[in-house]
2 protein chains.
Amino acid sequence: MESLLSSIKINVNPKVYLKDPESSELGQNIVSNSIILIQELGLEDFNFKKLAKCINSNESSIYRYFENKYKLLQYLSSLYWGILEYRVVIETNSIKDPVKRLFKALKIVTLKPENISSYSSLNQLKLRDIIISEFTKSYHNKHVDSDNDEGNFKIYKRLNLRIAEMIEGINPEYNYPKSLACQMVEGALHQHFMRSHFKTITEHKDDSDVYYFLKNILISVLNIKTNSK
Amino acid sequence: MESLLSSIKINVNPKVYLKDPESSELGQNIVSNSIILIQELGLEDFNFKKLAKCINSNESSIYRYFENKYKLLQYLSSLYWGILEYRVVIETNSIKDPVKRLFKALKIVTLKPENISSYSSLNQLKLRDIIISEFTKSYHNKHVDSDNDEGNFKIYKRLNLRIAEMIEGINPEYNYPKSLACQMVEGALHQHFMRSHFKTITEHKDDSDVYYFLKNILISVLNIKTNSK
DNA sequence: ACAAAATTAATAGTAATACTTTTATGCAGG
DNA sequence: CCTGCATAAAAGTATTACTATTAATTTTGT
């Protein structure tokens, strides 16, 4: 079986798993096939029994890796945000113009990856679908605060803060760089969901509209002079 | 028992319930006490058995009103957005300046109600808490599209469209009035949640910061000249 | 006022889920 | 060859979501 990430390793907080799924063939199968199954069934209809059957393994073996499916979702989310963070770091690295850097970061957060092969296997698109429809469930519950204290959302928050820093660099006068970054990242997910399911309250015809919509907000709010296209 | 709404009646789509809870004492108890219980336990730990016990009734009696707890959540959500829509309509009615009207609408969507007594019983604040932490679960699932087709999110979408119209009225040039409205309404919920649980990626110190943050986005994006405070 | 109809309560039961426990099997390292 | 660990297989428990049955109560029509 192919591993999810071919060239980079995301350091997921050890508290989200019981045993590191990277450490064994079975673990890697659990992760890569859970992406396929969750995307197919949705989180509510997905369970470890079905996953076990799908990888010719056993329910209780999966429980040795993850406490429950919500922890698995937190693991997958960490992978996703980790990949985006990695891309934001290396793909904006060479860009000197801070405005162009921010737009590049927004593009990464908003659009489908163009050159998937260089970062991971094909499942990245399915993982993105999962995040758009399921990420919210990884923190909208009664144990957010303890999960957060354990560091289970560290990568997500770090990505937000990187974007917040870019915003601050462009307009140090602006009062809400962190909230704005956070709103862009969330907006990317939400607008994609609205576009797919609540078409009457959106103008977006494709993914790139979501990008232009959010970019326009950044331009206006941060008072960016846009001479470049 | 007090009824949730003392002076107005929200027309919730009949498809979300099996029997109209407004039509009986028991139904009203189900609704008002579900607000208390869901807010207390969170949606995952809430079930009809516990609710039945809490109102000295029976599990199967509740099933005569709602198919399951997600439909009940859709009912509560409709109530919430219905109350906001009603308030937006009557409280902006007398305001002539379209900019001030939009800000008033944003205030209603973002802030706690000031004069609760005139619209409903005390539970409105708990209902707001529920919407902030649970509303997302009413549509992030595999049957969104059929629920949507049945009209279960009609009131929510109508509120969004009302705000979109105000936006359009202020700046007809702007390309994404619906998406922007949608982003404001979602942003209100999301920013409140972030403020309560992910404090490191937010600047907001209280509810009103969320309002100022979103208002500032509107001012910038719609190019509103702000001479008034 | 009374019979019929509908609602609700009480109880039990079913199917599925989430998770645990136990025991067995196979394989790797010393 | 033995020990230890990872996994597999199977069964078991607790809870949940929901249904069915029957009985008691209330409402309604006449």
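Chain A is the first sequence line, chain B the second, and so forth, proteins listed ahead of strands; every chain is numbered from 1.
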In whole angstroms, how far is the [atom2] atom of [N] from the [atom1] atom of [X]?
{"X": "B:Leu51", "N": "D:dA17", "atom1": "CG", "atom2": "P", "result": "12 Å"}
{"X": "B:Leu72", "N": "D:dA17", "atom1": "CG", "atom2": "C1'", "result": "14 Å"}
{"X": "A:Lys53", "N": "D:dA10", "atom1": "NZ", "atom2": "P", "result": "13 Å"}
{"X": "B:Lys71", "N": "D:dC18", "atom1": "NZ", "atom2": "P", "result": "10 Å"}
{"X": "B:Tyr70", "N": "D:dT16", "atom1": "OH", "atom2": "P", "result": "13 Å"}

Neighbour count above 12 (heavy atom, 6.0 Å) for B:Lys49 NZ
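For B:Lys49, atom NZ is not crowded (no more than 12 foreign heavy atoms under 6.0 Å).
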For B:Lys71, is the NZ atom crowded, meaning more than 12 foreign heavy atoms sit under 6.0 Å from it?
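Result for NZ/B:Lys71: enclosed.
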Looking at A:Phe213 versus A:His204, is the centre-to-centre ring distance below 6.0 Å?
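Judged by ring-centre distance (under 6.0 Å), A:Phe213 and A:His204 do meet the cut-off.
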Using the benzene-type ring in the case of Trp, are the ring centres of A:Tyr156 and A:Phe135 under 6.0 Å apart?
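For A:Tyr156 and A:Phe135, the ring centres are under 6.0 Å apart.
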Reading nucleotides 25-30 of chain C from the 5' end, what letters show protein touch, with B for base, S for backbone sugar-phosphate only, - for no heavy atom under 4.0 Å?
------
Going 5' to 3' through nucleotides 8-22 of chain C, assign each nucleotide B (protein heavy atom under 4.0 Å from a base atom), S (under 4.0 Å only from sugar-phosphate atoms) or - (no protein heavy atom that close).
BBBB-----SSBBB-
State the CD-CG distance between A:Glu134 and A:Leu189, to the nearest 0.5 angstrom.
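One gets 12.0 Å once the value is rounded to the nearest 0.5 Å.
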Going by the ring pair (Phe, Tyr, Trp, His ring centres under 6.0 Å) test, name the single residue among A:Tyr70, A:Trp81, A:Phe66, A:Tyr65 that passes it with A:Tyr75.
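Passing option: A:Phe66.
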Give me the ring orientation class for B:Tyr139 and A:Phe198: parallel if the planes are under 30° apart, tilted from 30 to 60°, perpendicular past 60°.
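It falls in the tilted class, 30° to 60°.
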Can you say whether the rings of B:Phe193 and A:His140 are parallel (under 30°), tilted (30 to 60°) or perpendicular (over 60°)?
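If you compare the ring of B:Phe193 with that of A:His140, the planes turn out tilted.
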